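Not measured: the values here are computed from a predicted model. Residue numbers run from 1 in the order of the sequence given.
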Amino acid sequence: MTEIGTTVLGYPRIGPDRELKRSLERYWAGKIDEAGLLDTGRALRTRSWRELKDAGLDSVPSNTFSHYDQVLDTAELFGALPERFTALGLSPLDTYFAAARGVQDAPAMEMTKWFDTNYHYIVPELGPDTTFSLTGTKPLDEYREARAIGVETRPVLVGPVTFLLLAKAAEGAPEGFRPLELLDNLLDGYVELLRRLHDEGVEWVQLDEPAFAADRTEKELNALIRAYHRLAKETARPKILVAGYFGGLGRGLGVLARSPIEAVAVDLVTDESFVDAVVAEPALRDKEVLAGVVDGRNVWRTDPARALGRAATLLGTAKSVSVSTSCSLLHVPYDVEREDGLHPRLKSWLAFAKQKVDEVVLLGRALKEEGVDLSAARAAVTDRATAADLADASVRARLEALRPEDTVRSPYARRAAAQQAALDLPPLPSTTIGSFPQTTEVRKARAAHKAGSLDDAGYEAAMKAEIEHVIRLQEDLGLDVLVHGEPERNDMVQYFAERLAGFAATDFGWVQSYGSRCVRPPILYGDVSRPEPMTVAWARYAQSLTGKPVKGMLTGPVTILAWSFVRDDQPLGETARQVALAIRDEVHDLQDAGIRVIQVDEPALRELLPLRAGAHEAYFAWAVSSFRLATSGISDATQIHTHMCYSEFGEVVKAIDALDADVTSIEAARSKMEVVTDLGAAGFGRGVGPGVYDIHSPRVPDVDEVSGLLRTAVGAVPAERIWVNPDCGLKTRGYAEVEPALRNLVAAAQAVRAELG
C-alpha cells in the first residue's frame, strides 16, 4: 500500500489576488459569462496543484476548490438542494448561486460559521423526504483536470456524518426529525462516488469529519461507526483517509482507529494533550497517521523542535507517521513573501500558506532523515520568543490596577429609564447595524489617500460628503437612530488594528470569509494600546448634522481577536483585556463628544466558543469580562448596543445576557426568527434587535415579509424591548437594493407599531 506521506489537508482557493472574488462578482453583475467564470476557477486550480507538487508534497489534495462553499458543493453533489431553487428553471450554476445568495422569490439558505472559524458555510436543509443520489461530478472532474496536467491528486470531501450534523431540518419537517436519520441513504451516494473514483484510478480519498472535535452523543458516535464500516467494506473504492481537525477527536479517534479505513489525520496543534490519546490508541497500529503539527489557522512559523517532538512521539504507535497541516490552509493567506510593507523582523516570524507547505515538506524529511537543516526556523522562533520590545509596561500596569467594579454598570432598569429620557425613542425603534454601501467613489478616495495622490484635506472632504449623504438618506427614510455609514473604514477589524499599537496590517493577506467576501486579518504580535482616538471625529461630525441620535461604531475585543492572527505566547484572555482597555478609552471619548448611543460589535462571540463544553466556562469568563471592561464606567444615559451575526446562538444565550449590553442586535432573517425563541425561553431581559432584512442576499424583502418577521419577534419578546434592524452592515450591498429594503423596513416597523396601539 502506498502511503499518503507529507501533505496538506486543503489550500486557499480565492486566488492570491482575489481573482475568484472579482470573477464571481463580475459574473453576478452580468459582466462575464459562465465560461469566463469557469476559466478563472480552472486557472486557479492549475496554479495551486502545480505549486503543491513542485513544493515536494507526497500527496496533493483536489476538490478543495469551490465557487462558493464546500458544504453547499456536497449538497449539490448528492442532489440535495431545496426545491425552491431547483424549480426555478435556472442553469445548474445559477441554481447553485441562488441557493447561496437567494433570488427575489426564493430566500437564500441559512449561513453560519464553520465550527470556531470565521469561514461561513451554507447550511443544508434536509427533511424525511430528502433522497440523496450522486447527481454531480465535481470531484471526478477536478481529479481528471489535475491528472491532465500531470498531477495525481487526492480528492477531498466533507464526510457524510459531519455533513448531516451540520444540516438543519427543513421547514415543515416533523418535530424531532434529525438529518442524521438520513445517513444510510447518503452513504449509498458516497459508495457510488467511491466506486466511480476507484474506476477512474484514484488511489486515496480524504473525507473530513471535523464535527468530532466537538462533544458527540452515543447516537452520533454510532453513526460514525456505521458510516466507516459501510464505506470501508466496499472493495471497489480508493483507500480512505479520514481527517479530524479543530481539536482532538475524543472517542471518535477510537471509532476511526477500529474501522477498516486506511489512514487518519489528527490535529496536534489545537489540543496538545491529544498526542497522548493518539499514542494510547492501539488500533492505530495498522494505519497511517497524519500528524497535523503545522498550524493551518495561524500565521506564526512552526517551532521545529515542538512539531517534531509531537510527530516523533507517534512513531511506533502506527503503521506509519507522516507530517501534515492541522487543518486546511483555507484559513490563512497565500504568501508572506509578497508583504514588503511588514517590518522585516516581524515578517521573519511568519508563515502563510506557501511557507506552511514548505514547513510540512521540511518537517516530513526531518522526521525520517538525519541531518536536515532546521537552523533558519529555529533562529526565527528563538528571536520571537526573546523579543523584549513586545511588552508594554504601562499597559500591564493598567491591567494590574483594575478593580472588580470596573466591569459593572448600574442595573438595567435604571439605565433603560435614563436612556429613554435622553433619547425619547418610539416603540420598535428602527436603525441599521453600522455600515452603508461603499461606492466606487468612496473606495477610490480611500485608495488615493493611501497612495498619497489625495491629500488629507481632500480625503476628509470626500468622507464628510459621503457621511452627510448617508445621514440625509436615513432622515428621509425615517430611521430613528442613525449611523455615519463608515465610509472611512476598509474593514471592521482592520480599521482599528491599523490604529492600535501591537498590530500589523498586510497588503495581500486575504482570506475567504464566504463566497466572494474576503478579509485581511491583521497580525496581533505585541501588547495593545490606543495612541489616540480612532472614530471620535467622524462620529462628532455626523452627530452635528442631525437632531436624531447617531451611533458610535466600534468593534469589540473578542471579535478583534477572532478576526486577527493573534499572538500565541500568552493566554488569549490576557490579550483580550488589553484590547478591551483600548476600546474602553474610545467609548469614553465618544461619550465625551456627545455620542449617546455606542455600538460595540461582537459577532464573533459564538465563533470563538470552544468546541468542547468542558472549556466553555473558562472562555465565557474572559470573553464576557473583556466586553464589560470595554463598555463600563460610563453614564447610565449612554446606551450600549452590541451586534452578532451568522452563528447558532442557542449555546451562548447566557453569555449574551451576561454582556449586559442595553440592546443586542442579532441575525435572524434567514433563520426566520429562531434566535428570538431562544432569547424568550432564556428570559433575556434587555433590548433586542432581531434582523429582519438579510443583507447577504441581493433580494429586497417587501413590507409584508418584514412585518411578519416583526410580529413573530413581538410574540416572543415584549414589544417595548424590540428594535428593528437589518441582519448585518450594508457595506457589501448597493444603494439600489438598500434604499427600497430600508424603506420597507421602516414601513413595516410603523405598521406593527400601529397594531400595538
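Checked for salt-bridge contact, Arg297 and Asp116 meet the test: a charged N lies under 4.0 Å from a carboxylate O. Lys287 has no carboxylate O lying under 4.0 Å from a charged side-chain N of Glu281, or vice versa, which leaves the two without a salt bridge. The pair Arg310-Asp276 fails the salt-bridge criterion, with no side-chain N (NZ, NE, NH1 or NH2) lying under 4.0 Å from an Asp/Glu carboxylate O. Salt bridge status for Glu110 with Lys168: present, with a side-chain N to carboxylate O gap under 4.0 Å. Ion pairing between Asp660 and Arg686 holds under the 4.0 Å rule for side-chain N and carboxylate O. Comment: Arg606 does not engage Glu667 in a salt bridge, judged by the lack of any side-chain N to carboxylate O separation of less than 4.0 angstrom. A salt bridge does not link Lys319 to Asp286: none of the charged nitrogens lies less than 4.0 Å from a carboxylate oxygen.
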With salt bridge (charged side-chain N to carboxylate O under 4.0 Å, His left out) as the test, would you mind laying out the steps for Asp569 and Arg567 before giving the verdict? CA-CA 6 Å; Asp569 58 348; Arg567 61 191 300 183; 2.7 Å; yes

Where do Leu221 and Phe212 land on the side chain to side chain contact (heavy atoms under 4.5 Å, CB included) test, with the steps shown first? CA-CA 8 Å; Leu221 287 164; Phe212 289 86; 4.1 Å; yes

Given salt bridge (charged side-chain N to carboxylate O under 4.0 Å, His left out), test Glu3 with Lys239 step by step and report yes or no. CA-CA 10 Å; Glu3 295 178 1; Lys239 292 184 282 291; over 6 Å; no

Could you go through Asn63 and Leu157, starting from their C-alpha distance and side-chain angles, then the distance that decides it, and tell me whether this counts as side chain to side chain contact (heavy atoms under 4.5 Å, CB included)? CA-CA 7 Å; Asn63 199 45; Leu157 295 103; 3.9 Å; yes

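Closest heavy-atom contact between Leu164 and Leu183: CD1-CA, 3.5 Å. Closest approach of Ala80 and Phe132 over heavy atoms only: CB-CE2, 3.7 Å. Annotation for Ile656 and Thr664: closest pair CG2-CG2, 3.9 Å, computed over non-hydrogen atoms. Minimum interatomic distance between Pro139 and Leu77 (heavy atoms only, all atoms of both residues): CD-CD1, 3.6 Å. Contact between Pro61 and Thr7 at its shortest, heavy atoms only, is CD-OG1, 4.3 Å. Minimum heavy-atom separation, Val321 to Ala291: CG1-CB, 4.2 Å.
For Arg628, there are no salt bridge (Lys or Arg N to Asp or Glu O under 4.0 Å) partners at least two apart in sequence or on another chain. Pro82 is linked by a side chain to side chain contact (heavy atoms under 4.5 Å, CB included) to Arg84, Phe85, Met109, Glu125, counting only residues two or more places apart in sequence or in another chain. Legend: residues meeting salt bridge (Lys or Arg N to Asp or Glu O under 4.0 Å) with Asp184, ordered by chain and number and at least two apart, are Arg226. By the side chain to side chain donor-acceptor pair (under 3.5 Å) test, Ser665 is found to be paired with His643, residues two or more places apart in sequence or in another chain being considered. Listed by chain and number, the residues in a salt bridge (Lys or Arg N to Asp or Glu O under 4.0 Å) with Asp271 amount to none (sequence neighbours excluded). Taking Arg301 as the reference, nothing meets the salt bridge (Lys or Arg N to Asp or Glu O under 4.0 Å) condition, with sequence neighbours excluded. Scored by the side chain to side chain donor-acceptor pair (under 3.5 Å) test, Tyr96 finds Ser66, Asp73 as partners (sequence neighbours excluded). Looking at residues two or more places apart in sequence or on another chain, you find a side chain to side chain contact (heavy atoms under 4.5 Å, CB included) between Thr313 and Val275, Val279. Ser259 meets the side chain to side chain donor-acceptor pair (under 3.5 Å) test with no other residue; sequence neighbours excluded. Ser513 meets the side chain to side chain donor-acceptor pair (under 3.5 Å) test with His120; sequence neighbours excluded. By the ring pair (Phe, Tyr, Trp, His ring centres under 6.0 Å) test, Phe565 pairs with no residue at all, sequence neighbours left out.
A donor-acceptor contact closer than 3.5 angstrom is absent between the side chains of Trp622 and Glu574. A side-chain N or O of Thr162 and one of Glu209 form a donor-acceptor pair less than 3.5 Å apart. A donor atom on one side chain and an acceptor atom on the other are found under 3.5 Å apart for Gln512 and Arg13.
A donor-acceptor pair under 3.5 Å is absent between the side-chain atoms of Thr117 and the main chain of Lys113, judged by distance alone. No donor-acceptor pair under 3.5 Å is formed between the side chain of Asp208 and the backbone N or O of Val242. The backbone N or O of Val600 lies less than 3.5 Å from a partner atom in the side chain of Thr642, making a donor-acceptor pair. Asn222 places a side-chain N or O within 3.5 Å of a backbone atom of Glu218 that can act as its donor or acceptor partner. Not one N or O on the side chain of His331 forms a donor-acceptor pair closer than 3.5 Å with the backbone of Tyr119. Checked by atom type and distance alone, the side chain of Gln70 never pairs as donor or acceptor with a backbone atom of Val158 at under 3.5 Å. Using modelled atom types, no side-chain atom of Ser626 and backbone atom of Arg577 make a donor-acceptor pair closer than 3.5 Å.
For Tyr190 and Phe78, the ring centers sit closer than 6.0 Å to each other.
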Exercise answer: donor-acceptor pairs, residues 170-178 side-chain atoms, under 3.5 Å, sequence neighbours excluded:
none

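By the 30° and 60° cut-offs, the orientation of the rings of Tyr121 relative to Trp114 is perpendicular. The aromatic rings of Tyr514 and Tyr68 lie tilted to each other, with the angle between the two planes from 30° to 60°.
Rounded to the nearest 0.5 angstrom, Thr64 OG1 and Gln206 CD are separated by 9.0 Å. One finds the OG1 atom of Thr217 at 9.5 Å from the CZ atom of Arg251 (value rounded to the nearest 0.5 Å).
Arg612 CZ: more than 12 foreign heavy atoms inside a 6.0 Å radius.
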